[in-house]
Amino acid sequence: MNKNNTFSIGEFSNKTGVSIRTLHYYDEIGLLRPEKNPSSGHRIYNYQDIINLQKILSLKFLGYSLDDIISLLDETSFTVELNESLSLQLQALEKEKEKIEQSIKAIKRVIRLVEEEGEVDSTVLFSLIHGMHTEEMHKEWMERQMLTDVAEELSKKSEEDKIALDKTFIQLSKKVKQLFGKPVEDLEVQAMVKDYLEASFAFLGEEVMQKLADADVEELDLQEIENTTSPFTDDEQKWLNEAMEYHVKQVEQK
């Protein structure tokens with residue numbers, strides 16, 4: 001800084017904590033344009049630029065985009081009309097907060113699974129992560145199908161319950177790879193199906209199972225949530241479906 005209270009871009013960066021690269025970009029888009037040295041073309045910042053940068057950082061802190069900030073910087077004062085803009089920002093930030101919280105839960109869940117299982121097939125793990133990612137979508141689908149009470153019951157499930165079901169799915173995937181090709185009525189195959197279905201039903205609970213069974217959902221509506229990532233090949237999935245159908249028929253005949 002010299003006696004005229006001006007700063008080079010390096011000095012301004014050090015004083016404000018904003019990188020030189022960012023200051024270059026702000027200048028390029030017209031967000032923060034310092035004076036230029038007429039002979040060298042170097043940027044010259046002053047105390048008014050510090051004040052303007054504080055305004056920019058304050059609006060960024062509130063979640064405004066740089067385009068919005070450019071227009072807001074021209075305002076000499078604000079009225080209650082600003083509240084409408086702030087309310088929209090609040091809604092956007094709350095939505096982003098929900099996504100971050102969901103990601104944090106998913107990361108913790110995956111860490112726990114890998115730690116306790118020791119090793120998890122990558123295809124299976126990605127399938128589980130996809131399921132975690134679409135949990136909210138499934139909840140919205142159930143609400144559209146007038147299954148709000150089911151959605152609420154499932155949302156109350158603890159992380160422990162979810163991890164237990166994840167582990168059951170991991171064991172199922174291992175068994176499918178081992179037993180694929182055997183007759184669906186094979187005792188080992190049916191034991192595999194029985195273990196998985198019992199764990200799934202226990203997770204859902206009798207009341208939820210009954211509500212799902214009574215729900216009047218068309219096949220077209222089901223296609224919304226059937227686009228899931230499966231760890232099985234088409235042939236393996238077909239074989240598994242046949243094994244489950246056989247199991248259900250055997251139970252119904254008893």
Legend entry - Euclidean distance, T16 OG1 relative to Q54 CD, rounded to 0.5 Å: 9.5 Å
Legend entry - Greater than 12 external heavy atoms within 6.0 Å of K157's NZ: yes
Inset, instruction - Would you check if the side chain of Q89 reaches a backbone N or O of G63 as a donor-acceptor pair within less than 3.5 Å? - result: yes
Inset, instruction - Return the orientation label for the Y45 and F12 ring planes: parallel under 30°, perpendicular over 60°, tilted otherwise. - result: parallel
Legend entry - Check: V184 main-chain N/O paired with Q190 side-chain donor or acceptor under 3.5 Å: yes
Inset, instruction - Mind listing the closest non-hydrogen atom pair of L93 and L62 along with its distance? - result: CD1-O, 3.5 Å
Inset, instruction - Would you check if V110 and I129 make a side-chain contact, meaning some heavy-atom pair closer than 4.5 Å? - result: yes
Legend entry - E115/R112 salt bridge by N-O under 4.0 Å criterion: no
Inset, instruction - Look only at the side chain of R43 and the backbone of K36, and say whether a donor-acceptor pair between them is shorter than 3.5 Å. - result: no
Inset, instruction - Report the C-alpha separation of D234 and K238 in whole Å, then their side-chain angles, then the decisive distance to 0.1 Å, and conclude whether the side-chain contact (heavy atoms from CB on, under 4.5 Å) test is met. - result: CA-CA 6 Å; D234 290 343; K238 181 180 178 182; over 6 Å; no
Legend entry - Short side-chain to backbone donor-acceptor contact, S127 and T123, under 3.5 Å: no
Legend entry - Approximate separation, where rounding is to 0.5 Å, of K60 NZ and L53 CG: 9.5 Å
Inset, instruction - Flag the pair K156 and E153 as a salt bridge only when some basic side-chain nitrogen lies within less than 4.0 angstrom of an acidic carboxylate oxygen. - result: yes
Inset, instruction - Report, as yes or no, whether the 6.0 Å neighbourhood of atom NZ on K177 holds more than 12 heavy atoms from other residues, nucleotides or ligands. - result: yes
Inset, instruction - Please answer: with hydrophobic residues joined when any side-chain heavy atoms are less than 4.5 Å apart, are F203 and V248 in the same cluster? - result: no
Legend entry - Side-chain donor-acceptor contact under 3.5 Å, Q48 with N52: yes
Inset, instruction - Could you tell me whether the side chain of S13 and the main chain of I9 form a donor-acceptor pair under 3.5 Å? - result: no
Legend entry - Any residue meeting side-chain hydrogen bond (donor to acceptor under 3.5 Å, both in side chains) with Q102, in chain and number order, not counting sequence neighbours: none
Legend entry - E207/K211 salt bridge by N-O under 4.0 Å criterion: yes
Inset, instruction - Kindly say whether G10 contributes a backbone atom to a donor-acceptor pair with the side chain of N14 at under 3.5 angstrom? - result: yes
Inset, instruction - Using a 4.5 Å cut-off on heavy atoms from C-beta on, say whether the side chain of E94 contacts that of L90. - result: yes
Inset, instruction - Salt-bridge test for K15 and D49: reply yes if a basic N is under 4.0 Å from a carboxylate O, no otherwise. - result: no
Inset, instruction - Apply side-chain hydrogen bond (donor to acceptor under 3.5 Å, both in side chains) to E242 and list each qualifying residue two or more places apart in sequence or on a separate chain. - result: none
Inset, instruction - Using a strict 4.0 Å threshold on nitrogen-to-oxygen distance, state whether E135 and K162 make a salt bridge. - result: yes
Inset, instruction - Identify the residue among S58, S85, S71 that makes a side chain to side chain donor-acceptor pair (under 3.5 Å) with Y64. - result: S85
Legend entry - Option among L73, D27, I56 that satisfies the side chain to side chain contact (heavy atoms under 4.5 Å, CB included) test with L32: I56
Inset, instruction - Please indicate whether I51 has more than 12 foreign heavy atoms, meaning atoms of other residues, nucleotides or ligands, lying under 6.0 Å from its CD1. - result: yes
